[in-house]
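Notes follow once the structure below has been shown.
Reminder, nothing fancy here: chain letters follow the sequence lines and each chain counts from 1. Just the heavy atoms: all of them, side chains too, but no hydrogens, waters or symmetry mates, feed the values below.
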Number of protein chains: 2
Amino acid sequence: MFRLSKLTDYAVVVLGRLAREGAVPGGQVQTAPGLALATGIAEPTVAKVLKILGQAGLVEGVRGARGGYRLTRPLAALPLSEVIFAFDGPIALTACVDGVAGLCEAEGVCQVRGRWDPVNDAIRNALSGITVADIAAPHPVRQPVAAAPVLAQLVAE
Amino acid sequence: MFRLSKLTDYAVVVLGRLAREGAVPGGQVQTAPGLALATGIAEPTVAKVLKILGQAGLVEGVRGARGGYRLTRPLAALPLSEVIFAFDGPIALTACVDGVAGLCEAEGVCQVRGRWDPVNDAIRNALSGITVADIAAPHPVRQPVAAAPVLAQLVAE
DNA sequence: TCAAATAGGACCTTTCAGGTCCCCTTTGAA
DNA sequence: TTCAAAGGGGACCTGAAAGGTCCTATTTGA
């Protein structure tokens, strides 16, 4: 199965938490230890996630005492693809995409080189319309995420 | 980046080769050693790929002397997603999809559980229209797989 | 001056994909 | 009848990458 790194998963959780706590652009900041507590993710891991998000410009870190993190954008304006890019790199299914040499056993005789492009594009396209807000919807009531009608259909299929 | 297993990649090459060699439903069979030679992929690896494809019913193995493999379907009738499923399992970005327990650090407090569904479905959807024939074009010179309207758009984008 | 908090690496451990090898079964042909 | 070619099914080993943890430096409010 495709694997998204766990850090990407944690990132969505943390971003959702930041939004819910009001750590939005111009708002309060939230500390890494606090977010660790709130999300149940180990503190060093949360710190690592936030560091990466900071380097990608998706959150803003405030140093010093009373420091913390806040979002740089509303989640609805943050495409999921940017988060994935920050943690997993460019969205592509194979290394064989743009003719990078030396990675493929069938280098010399491969008839498929470059042919995955349409697949990669289809996936990028599919992801382009999804924002973090769509995934990390802050619903106060947690419980079986009783799938919305749309989701139910998808699951059924 | 997303990673598709290399075996999946090899599988597409091998399937394309089978088609090109006439190892189609009702036709000749091709041996694993022969395919290894033709594709440049190591023989044990080709054998492994074919075994998996056979278990998935995507190729038919003929045992005994003069045995070999042939396709069970024309490549144009073989969705890429079936190949991916055979090698990489269900198409899903995270393990957290259907509430499998014990995999997630934030098990108890995760607010995102199940929320990846729309993402997964978007990807399944994107892949649903692509067949192996679209990827493993049988001949260097070949009439554009008229499937192209959609693909062309994606590529163009 | 101190304590709280981010910033940035370095490091270790574990997991798993990738690849190879071995042995069995089947079957056509000499 | 025998043999060799070929698929079938696992078992095994290895190397790389993900996942986590920890340490140290830097910043800054109280």
Checklist entry - With sugar-phosphate meaning primed atoms plus P, OP1 and OP2, does B/Gly68 contact a base, only sugar-phosphate, or nothing at under 4.0 Å between heavy atoms? => result sugar-phosphate
Please confirm whether the shortest side-chain N or O distance from [X] to OP1 or OP2 of [N] is below 4.0 Å.
{"X": "B/Tyr10", "N": "C/dG18", "result": "no"}
{"X": "B/Thr31", "N": "D/dG7", "result": "no"}
{"X": "B/Gln55", "N": "D/dG9", "result": "yes"}

Checklist outcome for this item: In whole angstroms, the gap separating P of D/dG20 from NZ of A/Lys51 amounts to 14 Å
Looking only at side-chain atoms of [X], point me to the closest of [options].
{"X": "B/Lys6", "options": "C/dA7, C/dT20, C/dG19", "result": "C/dG19"}
{"X": "B/Leu7", "options": "D/dG8, C/dA5, C/dG18", "result": "C/dG18"}
{"X": "A/Tyr69", "options": "D/dG19, C/dT6, C/dT20", "result": "C/dT6"}

Checklist entry - For DNA chain D, whose closest nucleotide is more 5', that of B/Lys48 or that of B/Ala32? => result B/Ala32
Item to check | B/Gly61 vs B/Ala65, nearer the 5' end of DNA chain D by closest nucleotide | outcome: B/Ala65
Checklist entry - Could you state the interatomic distance from CZ (A/Phe87) to CG (A/Asp9), rounded to the nearest 0.5 Å? => result 10.5 Å
Checklist entry - Between the base of C/dT25 and the side chain of B/Arg63, is there any donor-acceptor pair under 3.5 Å? => result yes
